[in-house]
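Please read the structure below before turning to the comments.
The sequence lines fix the lettering, A, B, ..., with proteins before strands; numbering per chain opens at 1. Remember, predicted model here, so these are calculated numbers, not experimental data.
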There are 2 protein chains.
Amino acid sequence: MATFGIGQLAQRAGVAIDTVRYYERNGLLPPSGRLASGYRRYGDIELKRLRFIRRAKVLGFTLEDIRGLLSLSDEQNVAEVRTAAQGKLADIEQRIAELERVRDGLRRLIAACPGHGRADACPILNALTQEETR
Amino acid sequence: MATFGIGQLAQRAGVAIDTVRYYERNGLLPPSGRLASGYRRYGDIELKRLRFIRRAKVLGFTLEDIRGLLSLSDEQNVAEVRTAAQGKLADIEQRIAELERVRDGLRRLIAACPGHGRADACPILNALTQEETR
DNA sequence: CTTGACTCTGGACCCGGGTCCAGACTGCAC
DNA sequence: GTGCAGTCTGGACCCGGGTCCAGAGTCAAG
């Protein structure tokens with residue numbers, strides 16, 4: 001399999017070289033090997049892994065969360081992997097539910113706001129300053 | 001209206017006193033007034049505002065986002081308020097959509113995983129190490 | 001009054017997640 | 001074999017969001 005250096009890897013995944021090394025220090029992305037010189041070498045698996053890390057980050061997972069997700073693949077026990085995945089799924093579902101609550105509240109406020117007139121007739125302002133956004 | 005001190009406020013909202021002062025420094029939560037001694041005084045409006053800040057934080061808004069949300073109430077123009085609220089709504093909807101994508105991928109993997117047997121038969125592991133989680 | 005709890009300010013420190021050197025070595029093309 | 005881009009390590013620094021002092025002043029009950 002073709003291997004490439006850290007610069008290539010970083011560039012293909014759209015992250016900084018320092019970030020790659022930072023992830024390595026934190027146990028998220030070991031190189032597949034090293035040259036005699038010490039230069040890190042990576043392959044497509046690492047590239048995919050790095051992209052996975054980035055996507056997970058965007059979605060608000062911490063590096064620790066992600067380490068957990070990735071370490072699933074080190075597990076021996078398929079049943080444990082499944083359980084861990086279910087736990088993550090539950091997290092995500094809860095976050096979605098919370099965001100939906102906020103979304104619905106915001107939608108109602110927007111719908112109720114005339115978009116003109118006196119400020120104290122605007123339900124959005126009232127919600128922020130006097131009530132909770134629900 | 002009854003007013004109370006920073007300790008009361010913090011305790012009722014379930015945050016640390018230092019956090020309240022930190023929010024003040026960052027323009028999120030000015031006290032309604034001060035005693036001659038310099039002691040901050042707060043009322044129910046501040047309490048609600050603080051609770052709002054906390055809830056928004058839990059949902060992943062940065063303090064800057066929240067400052068934006070709160071500053072809506074300083075706007076003169078009701079139309080602008082409405083527009084800003086719509087922008088926030090769009091953000092939230094996008095985050096929900098991304099999380100749903102992840103949720104669906106994870107659900108499919110879990111459904112496809114037998115929960116036992118050889119590790120390389122587990123689609124969850126394969127997805128993490130070889131494909132992207134979708 | 002005194003005492004103990006509360007609050008003030010300013011500044012140091014912490015953690016997560018990076019980012020940016022400096023100084024030295026390496027790989028490759030010419 | 002020289003030159004330049006690429007890479008190495010270690011450590012300093014940055015930002016957001018707090019958290020924790022120290023030292024001094026304040027409030028209220030007894």
Side-chain angles (χ1 to χ4, degrees), chain A residues 2-43 46-47 49-71 88 91 95, chain B residues 2-43 46-47 49-71 88 91 95:
Chain A
T3 91
F4 37 90
I6 194 169
Q8 281 279 314
L9 177 73
Q11 195 241 297
R12 290 205 208 173
V15 308
I17 288 179
D18 279 335
T19 302
V20 175
R21 286 194 280 245
Y22 176 77
Y23 287 166
E24 180 182 348
R25 271 204 298 292
N26 288 277
L28 289 163
L29 186 65
S32 64
R34 295 240 186 184
L35 258 34
S37 60
Y39 280 30
R40 295 164 178 85
R41 301 266 65 183
Y42 300 93
E46 285 73 33
L47 179 54
R49 196 174 168 110
L50 180 48
R51 286 181 172 148
F52 173 86
I53 294 169
R54 294 267 91 186
R55 280 203 318 284
K57 269 234 65 200
V58 166
L59 293 176
F61 290 98
T62 65
L63 294 190
E64 187 161 346
D65 288 339
I66 298 170
R67 191 159 39 235
L69 286 168
L70 291 170
S71 74
K88 274 296 158 197
D91 286 358
R95 291 170 66 200
Chain B
T3 91
F4 36 90
I6 194 170
Q8 281 279 315
L9 177 73
Q11 195 241 299
R12 290 204 207 174
V15 308
I17 288 179
D18 278 335
T19 302
V20 175
R21 287 195 279 245
Y22 176 78
Y23 288 165
E24 180 181 347
R25 271 204 298 293
N26 289 277
L28 289 164
L29 185 66
S32 63
R34 295 239 185 185
L35 258 34
S37 60
Y39 280 30
R40 294 164 179 84
R41 302 267 60 182
Y42 301 93
E46 285 74 32
L47 179 55
R49 196 173 169 112
L50 180 49
R51 286 182 171 148
F52 173 86
I53 293 169
R54 296 266 91 185
R55 278 201 321 282
K57 270 234 64 202
V58 167
L59 293 176
F61 291 98
T62 65
L63 294 190
E64 187 162 347
D65 287 340
I66 297 170
R67 192 158 38 235
L69 286 168
L70 291 170
S71 75
K88 273 297 157 196
D91 285 358
R95 291 170 65 200

So, do [X] and [Y] sit near enough that their side-chain heavy atoms are less than 4.5 Å apart?
| X | Y | result |
| --- | --- | --- |
| A:Y22 | A:L29 | no |
| A:L63 | A:K57 | yes |
| A:V15 | A:Y23 | no |
| B:Y42 | B:I6 | yes |

Q | Nearest-neighbour nucleotide for the B:R54 side chain, D:dG18, D:dC27, C:dT7 considered | A |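 Looking only at heavy atoms from C-beta outward on B:R54, the closest nucleotide is D:dG18.
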
Q.
Looking only at the side chain of B:T62 (C-beta and beyond, no hydrogens), which of the listed nucleotides C:dG17, D:dG17, C:dT7 gets closest?
A.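 Output: D:dG17.
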
Q) Considering only heavy atoms, which members of residues 14-33 of chain B lie under 4.0 Å from some atom of DNA chain C? A)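 Close to the strand are B:I17, B:R21.
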
(Q) Applying a 4.0 Å non-hydrogen cut-off, can you work out what B:R34 is touching in the nucleic acid: base, sugar-phosphate, or nothing? (A)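 Touches sugar-phosphate only.
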
Q) Across the strands shown, which category fits B:R67 at heavy-atom distances under 4.0 angstrom: base, sugar-phosphate, nothing? A) nothing

(Q) Run the side-chain hydrogen bond (donor to acceptor under 3.5 Å, both in side chains) test against A:R34 and tell me which residues pass, sequence neighbours left out. (A) A:E24

In this structure, how many angstroms lie between the [atom2] atom of [N] and the [atom1] atom of [X], rounded?
| X | N | atom1 | atom2 | result |
| --- | --- | --- | --- | --- |
| A:E64 | C:dG17 | CD | C1' | 13 Å |
| B:Q11 | C:dA5 | CD | C1' | 14 Å |
| B:R40 | D:dC27 | CZ | P | 14 Å |
| A:F4 | D:dA5 | CZ | C1' | 19 Å |
| A:L50 | C:dG17 | CG | P | 15 Å |
| B:I6 | D:dT19 | CD1 | C1' | 14 Å |
| B:I53 | D:dG17 | CD1 | C1' | 13 Å |

(Q) Is B:R41 close enough to C:dC8 that one of its side-chain N or O atoms is under 4.0 Å from OP1 or OP2 there? (A)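 Checking B:R41 against C:dC8: no side-chain N or O falls below 4.0 Å of OP1 or OP2.
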
Q | Residue closer to the 5' end of DNA chain D, B:S37 versus B:F61 (nearest nucleotide) | A | B:F61

Q) Does A:R12 count as lying over the ring of A:F4, i.e. NZ or CZ under 6.0 Å from the six-ring centre, within 45 degrees of the axis? A) yes

(Q) Holding to side-chain contact (heavy atoms from CB on, under 4.5 Å), I want the full list of residues that pass it with B:D91, two or more places apart in sequence or in another chain. (A)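 So B:D91 forms a side-chain contact (heavy atoms from CB on, under 4.5 Å) with B:K88.
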
Q. Could a donor-acceptor pair under 3.5 angstrom be found where the side chain of B:Y39 meets the base of C:dC6?
A.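 Yes.
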
